[in-house]
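First the proteins, then the strands, lettered A, B, ... as listed; each starts at 1.
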Amino acid sequence: MIYAGIDIGSITAKAALIENNQLKATHMVFTGYNPAAAGRQVFDELLMQTGISANAVNKVVATGYGRASVDFAHKTLTEIICHGTGAHFLNPGVRGVIDVGGQDSKAILLDAHGHVQNFAMNDKCAAGTGRFLEVMAQALQIPLDQMGEISLGAENPVKISSICTVFAESEVISMIARQKDRRDIAAGIHRSAALRVASLAGKIHLAPPVVMTGGVAKNKGMVQALEDYLGYGIQVGTVPQENGAVGAAVLASGT
Amino acid sequence: MTRTIDRENTKIAAAKKMRDIMTTYYLDALSAFQNNRQVAWITSGGPVEPLVAMDIIPVYPENHGAMIGSAKMGEELCSKAEEMGYCADLCAYARADIGCSVAKGGPIGGLPKPDMLICCNNICGTVLKWYEVQARYYGVPLFILDTPVCHTGFFPETAAYVKAQITEYIGFLETVTKRKLDMDRLNQVGHLSFEGQKLWQQVLRTTAHKPSPMSAFDAFFFLALIVTLRGTTTAVDFYRELLAEMNDRIAKGISVVPDEQYRLLWDNLPVWHRLKWLSKKFSDHKACLVADTYTSAWCGAIQYIDPDNFLDSIAQAYTRIYLNIGIDQMADQVLDMIRFYDVNGLVMHSNRSCKPYSFGQMDIMHIVHKKTGIPVLMLEADMVDPRSFSESQMDTRIDAFMEIILQRGTTLKG
């Protein structure tokens, strides 16, 4: 039996296939301006990669902000339940998930069965999200995927006090003007975003073992900053960004 | 077609009557000056009975604020106040009311000019400054009734302190109106107030029935009379009729949410500008918000009222209301409601406007979680200001919350 999960996020669209209760493959494309087309594309490309025909897929569950636009899905579910399920499927011992995506960040508390007990999400604000980091990387003129690595070399991380992304960007620009070390600024940016995310985890009393998912989990600087605030280590799996799609596929198999 | 018929069946007949009563009430208030009657603006939790007994028309800026929210005029009027220099972090009722006084706008063209202001701080501290601002603006006398927060209980010192102010309050009214308060009339009004609150409580308790004959969204609407016309026969007669209609719906098995599967409890004020959207959102999940901590506040201190010794008992009744007690006691009330209404989840509106209501919600959430294990959802919004509402975020949170309830398998039996 083959099941698929499609996760349409604000920046990327992810797809995952589960065959006989094993993760078979995942794939990712940019969402762009047309989430419906991105959903179709990520699914088609994944099928092509794996040589599986669409007819062989028993069920599809869509999740993420663009979930309603996936017209070939049998069901839609929110990313909260999908991330919880995906994390439990890939790592059954896990009791908490910190998911930081493009436009939102969330903390999810799980029970031993991988069922969601509680969750907290960022309010109407980009602070503590992937978008925040993207804006800051632009201001620093460094590629987003290198910002984590660069920040690890910081000696004196700067303090960014503005919560608002726009004001934080001005703060960063003024630090650049004052010729502050780029590594220190990058580390300060991660600390600022991590503090927001850590407060979500605190709200629902998240406790280890905790796994981090979402695109931002690939940023080592952010993971480290989060660990510093939380006071415990967090795990990052092999497919953090596709975790929601994996969970959607798992839930497709159970429906 | 079936859907349309269902909707027709679920409509509550008393709604039309209530709209008519509220229209008459506001027309009376707006024409008070022509009819040589006086108008007092009063906070929603203030002791209104002496006003009614002295034939002064009580007008509630907070009820007006709710109307502004429902009419989706909150942003415009709040912006007006912000333009005047009031901070956007202030309560939206206060901002909308201040904005409305100056703009003379709003859904009914503004409230009638007050002859006096009565401010009781049992519901919040913002009202003190808000009413001072309005007293200066309209150049009218202001009476402040200070009800200390009862963190752990109600003590003789508090009782004496509030009682002394109730006496001063009556003296204030007699000075402003140049008339004496008729104690027999006050006792009559006291009985009617007590009776109205009892009936309101009975109406709210009908929702313990499965399926529920009405929802919190209906309670938010029907609340207006117990707030504005408390102490009158109009309110008593109306709630008696509404109670009969609810019992009739129960007898006929009419539910407000078709095929009710889940029962939820709401905490905090409503999101007035999104009632329809929220109601549909929950209803689409076959979930009924059967009760709320907000509308029950207008009958929550009923056990302290002695209708035969009304004046003496209201010091305690008006001090020990939901928003003026300790967090532990608030949590106890929430837990009682969870059990009484047998709900599957708690939805907490973290209301940017209402600090005293929203402060402590995290603690209550954890207490509820620990003691009942039911899922708790926290929604960030504002009762009047739509700028604090994000539809897509709400959508995802509510969907996720309902998925959690479904996953837990806490569906109703049978």
For A:Met121 and B:Arg397, run side chain to side chain contact (heavy atoms under 4.5 Å, CB included): C-alpha distance rounded to whole Å, both residues' side-chain angles, the deciding distance at 0.1 Å, then the answer. CA-CA 8 Å; A:Met121 288 174 85; B:Arg397 282 164 170 76; 3.1 Å; yes

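- Between B:Gln407 and A:Val116, the closest heavy-atom pair is OE1-N, 3.2 Å.
- Summarising the local packing, NZ of B:Lys281 is surrounded by more than 12 heavy atoms from other residues, nucleotides or ligands at distances under 6.0 Å.
- Within the 4.5 Å cutoff, side-chain heavy atoms of B:Leu377 are placed close to those of A:Phe119.
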Check step by step if side chain to side chain contact (heavy atoms under 4.5 Å, CB included) holds for B:Thr396 and A:Lys106. CA-CA 12 Å; B:Thr396 300; A:Lys106 48 187 132 2; over 6 Å; no

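- Put simply, CD1 on B:Ile404 and CD1 on A:Ile80 are 7.0 Å apart, with the number rounded to the nearest 0.5 Å.
- Salt bridge absent: A:Asp111 and B:Arg408 never bring a charged side-chain N and a carboxylate O closer than 4.0 Å.
- Counting heavy atoms of neighbouring residues, nucleotides and ligands inside a 6.0 Å radius, atom CZ of A:Phe30 does not exceed 12 of them.
- When all heavy atoms are compared, the tightest approach of B:Met365 to A:Lys203 is CE-O, 3.9 Å.
- Using a 4.5 Å cut-off between heavy atoms, B:Met402 does not touch chain A at all.
- Within a 6.0 Å sphere centred on CZ of B:Phe359, heavy atoms belonging to other residues, nucleotides or ligands number 12 at most.
- Within a 6.0 Å radius of CZ in A:Phe72, other residues, nucleotides and ligands contribute more than 12 heavy atoms.
- Within the model, atoms CG of A:Asn118 and CZ of B:Phe401 stand 9.5 Å from one another, a figure rounded to the nearest 0.5 Å.
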Evaluate the criterion side chain to side chain contact (heavy atoms under 4.5 Å, CB included) for residue pair B:Glu403 and A:Leu77; output intermediate values, then yes/no. CA-CA 8 Å; B:Glu403 285 167 10; A:Leu77 288 166; 3.4 Å; yes

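- By the neighbour-count criterion of 12 heavy atoms within 6.0 Å, atom NZ of B:Lys371 is sparsely surrounded, having that number or fewer from other residues, nucleotides or ligands.
- Annotation for A:Asn122 and B:Gln393: closest pair O-OE1, 3.8 Å, computed over non-hydrogen atoms.
- Using a 4.5 Å cut-off between heavy atoms, A:Glu79 contacts chain B through its side chain alone, with no backbone atom that close.
- A donor-acceptor pair is defined here as one N or O able to donate and one able to accept, closer than 3.5 Å; no such pair exists between the side chain of A:His205 and the backbone of B:His366.
- Within a 6.0 Å sphere centred on NZ of B:Lys355, heavy atoms belonging to other residues, nucleotides or ligands number more than 12.
- Proximity to chain A (any heavy atom under 4.5 Å) is restricted, for B:Met362, to the side chain, taken from C-beta onward.
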